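Just below is one structure, and these are the notes that go with it.
Note that the structure is predicted; figures quoted are calculated from it, not measured. Chain letters run A, B, ... following the sequence lines, proteins first, then strands; residues in each count from 1. Quick note: numbers below take in every heavy atom, side chains included, and nothing from hydrogens, waters or symmetry partners.
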2 protein chains.
Amino acid sequence: MSPQDGRTRILDAALRLFAERGAAATTVRDIAAAAEVSPANVLHHFGSKDGLREAVDAHVETLVERMVEGDPAHREAIGGAGEDATGSLAEMFGTAFPPDSPLPAYLRRLILDHDARGAAFVTSWIDQSERLLREFEQRGTVRPSDDSRARAAFVVANDLALLLLREQLTTALGTDPLSPEGMTRWAAMALDTYTHGLYADRDPHATATEEETP
Amino acid sequence: MSPQDGRTRILDAALRLFAERGAAATTVRDIAAAAEVSPANVLHHFGSKDGLREAVDAHVETLVERMVEGDPAHREAIGGAGEDATGSLAEMFGTAFPPDSPLPAYLRRLILDHDARGAAFVTSWIDQSERLLREFEQRGTVRPSDDSRARAAFVVANDLALLLLREQLTTALGTDPLSPEGMTRWAAMALDTYTHGLYADRDPHATATEEETP
DNA sequence: CACCATACTGAACAGATGTTCAGTCATGCA
DNA sequence: TGCATGACTGAACATCTGTTCAGTATGGTG
């Protein structure tokens, strides 16, 4: 039989299957089979299917927290002075977890099912990004903005899009953007675009105040 | 009873419910109740639940096609010369459909359930964006890029993030980014960032060739 | 040793779900 | 008028799903 503890085998199998198909489309019997236990044993450990879902959620939350705390951007935010700190979630996932980790997909599900926990993740990331950008602003590495809240949301949304559209981008680009090669490729392009802009600069000395063409 | 034809009532109800909860979490009886018909009648018209799902998919596809064809960017791409053409999908959705339209949510499901049809949408949008950007490049409105394919994917992903994270962004910003006010706010910020960049430009005359800090 | 908590199982159950089917009703056509 | 076609329904069916329950094995504790 598999080496691990029965309970953790169930938890791992549930995490993987929930991430792949979604919790609603995963049956207790599926999880039991994947963990090589009886269906009744799944409920013995977690009370109900929903209890298992909550346990998986909590597990994921601690994993993500640990990941964020290990990132240079966070270490900088709490005191130190980092150099290569971007706070990119996609980058963190790419470096902190193996390519076949179910975590990115699970997080995607969390956000897709407009779950309250997923929304809380997003809001907290936007908050954190806003703080980080403001700090970089004062240091002169980031341009000031008329709407720093919206810009922080923009950055986080763009970052999360990499997680949410991973498969689609992989087929469209021919490279998994969360793999090491894919990350360097994407980061180089994003850095260039984030530095010099997408549109050609007609007035290089323009301030942040600008009107949209109607 | 509701004014419309029975069949279209079922189709509309299915579109709305599939978009809200996902197809797997929606029962035939739910749809029947929403359309005020019997469950058997749903299957009478569409053969099976999966047949209904395919019919809804096809319906959505024509709606989206019609939307894209009505957009200035597309009219420009096929000959004319537009001014305000950005090709932004989020913008199209915001202007072409009422705020309570189930279409954005349905499309989100389509994309995130790594459905083949959703993947096809994304790839075709990236192709189209790449063509559009290349044209703008030659015209001088868009900066050249070392990796125009990845940049097109970047733009589309950022654009789609607005659809995928609509609810979360609404709570985080206090404004629905697909509403008229939300769109102007978002577009102003995005235009500023896409024009002058996010990072302060240390070397304003740098070309696209640049290295990432390791 | 006896005792007990815990991990675990097989079998069963109640409810929900997709689907089938015989039959009703209305409409248009011969 | 008679009749065929298609929209529509109520009732039933087989299957799947989450959950319950009585019972077994095991390992540690008094």
Side-chain angles (χ1 to χ4, degrees), chain A residues 1-60 102 105-106 109-110 112-117, chain B residues 1-60 102 105-106 109-110 113 115-117:
Chain A
M1 194 181 275
S2 302
Q4 292 167 322
D5 185 45
R7 193 191 139 97
T8 62
R9 275 212 321 276
I10 295 172
L11 204 67
D12 286 351
L15 170 57
R16 188 169 53 81
L17 291 175
F18 285 173
E20 280 174 17
R21 323 173 190 173
T26 307
T27 71
V28 175
R29 286 167 177 81
D30 287 341
I31 300 164
E36 297 175 82
V37 297
S38 72
N41 194 11
V42 173
L43 302 179
H44 165 70
H45 280 294
F46 297 97
S48 67
K49 186 188 175 181
D50 208 63
L52 172 58
R53 210 188 41 75
E54 284 177 20
V56 173
D57 275 356
H59 183 219
V60 166
Y106 190 84
R109 289 278 171 197
L110 216 60
L112 166 64
D113 300 339
H114 25 100
D115 191 271
R117 207 177 291 248
Chain B
M1 195 179 275
S2 301
Q4 290 168 323
D5 184 46
R7 194 192 139 95
T8 62
R9 276 214 318 279
I10 295 172
L11 204 67
D12 286 352
L15 170 57
R16 188 170 53 81
L17 290 175
F18 284 174
E20 281 174 15
R21 323 173 190 173
T26 306
T27 72
V28 175
R29 285 166 177 82
D30 287 340
I31 300 165
E36 298 177 82
V37 296
S38 71
N41 194 12
V42 174
L43 302 180
H44 166 70
H45 280 295
F46 298 96
S48 68
K49 186 189 176 183
D50 208 62
L52 173 57
R53 208 188 43 75
E54 284 177 21
V56 174
D57 275 356
H59 183 220
V60 166
Y106 189 86
R109 295 266 174 203
L110 211 61
D113 285 344
D115 190 271
R117 206 178 292 248

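- Between dC8(C), dG10(D), dT9(C), one nucleotide has an atom nearer to the side chain of A40(B) than all others, and that is dG10(D).
- At a threshold of 4.0 Å, the pair D57(A)-R53(A) counts as salt-bridged, since one of the basic side-chain nitrogens sits closer than that to a carboxylate oxygen.
- Put simply, CD on E36(B) is 16 Å from C1' on dA7(D), counting in whole angstrom units.
- Residue H45(A) contributes atom NE2, which lies 12 Å from atom P of dT6(C) at whole-angstrom precision.
- Comparing R7(B) and R29(B), the nucleotide of DNA chain D nearest to each residue sits closer to the 5' end for R7(B).
- Atom NZ of K49(A) and atom P of dT17(D) are 9 Å apart (whole Å).
- Look at CD1 on I31(A): it is 14 Å from C1' on dT19(D), rounded to the nearest Å.
- There is no side-chain donor-acceptor pair under 3.5 Å between D5(B) and T8(B).
- Here T27(B) lies in heavy-atom contact (under 4.0 Å) with sugar-phosphate atoms only.
- The distance between atom CD1 of I10(B) and atom C1' of dG6(D), rounded to the nearest whole Å, is 14 Å.
- Of the possible donor and acceptor atoms, one in the side chain of R9(A) sits under 3.5 Å from a partner among the backbone N and O of A35(A).
- Checked by atom type and distance alone, the side chain of R109(B) pairs as donor or acceptor with a backbone atom of E20(B) at under 3.5 Å.
- What separates CG of L52(A) from C1' of dT17(D) is a distance of 15 Å, to the nearest Å.
- Between the P atom of dT19(D) and the CG atom of L43(A) lies a distance of 6 Å, rounded to the nearest Å.
- A close approach under 4.0 Å does occur between a side-chain nitrogen or oxygen of N41(A) and OP1 or OP2 of dT9(C).
- Put simply, CG on D30(B) is 11 Å from C1' on dA16(C), counting in whole angstrom units.
- For dT20(D), the OP1/OP2 oxygens have no side-chain nitrogen or oxygen of H44(A) closer than 4.0 Å.
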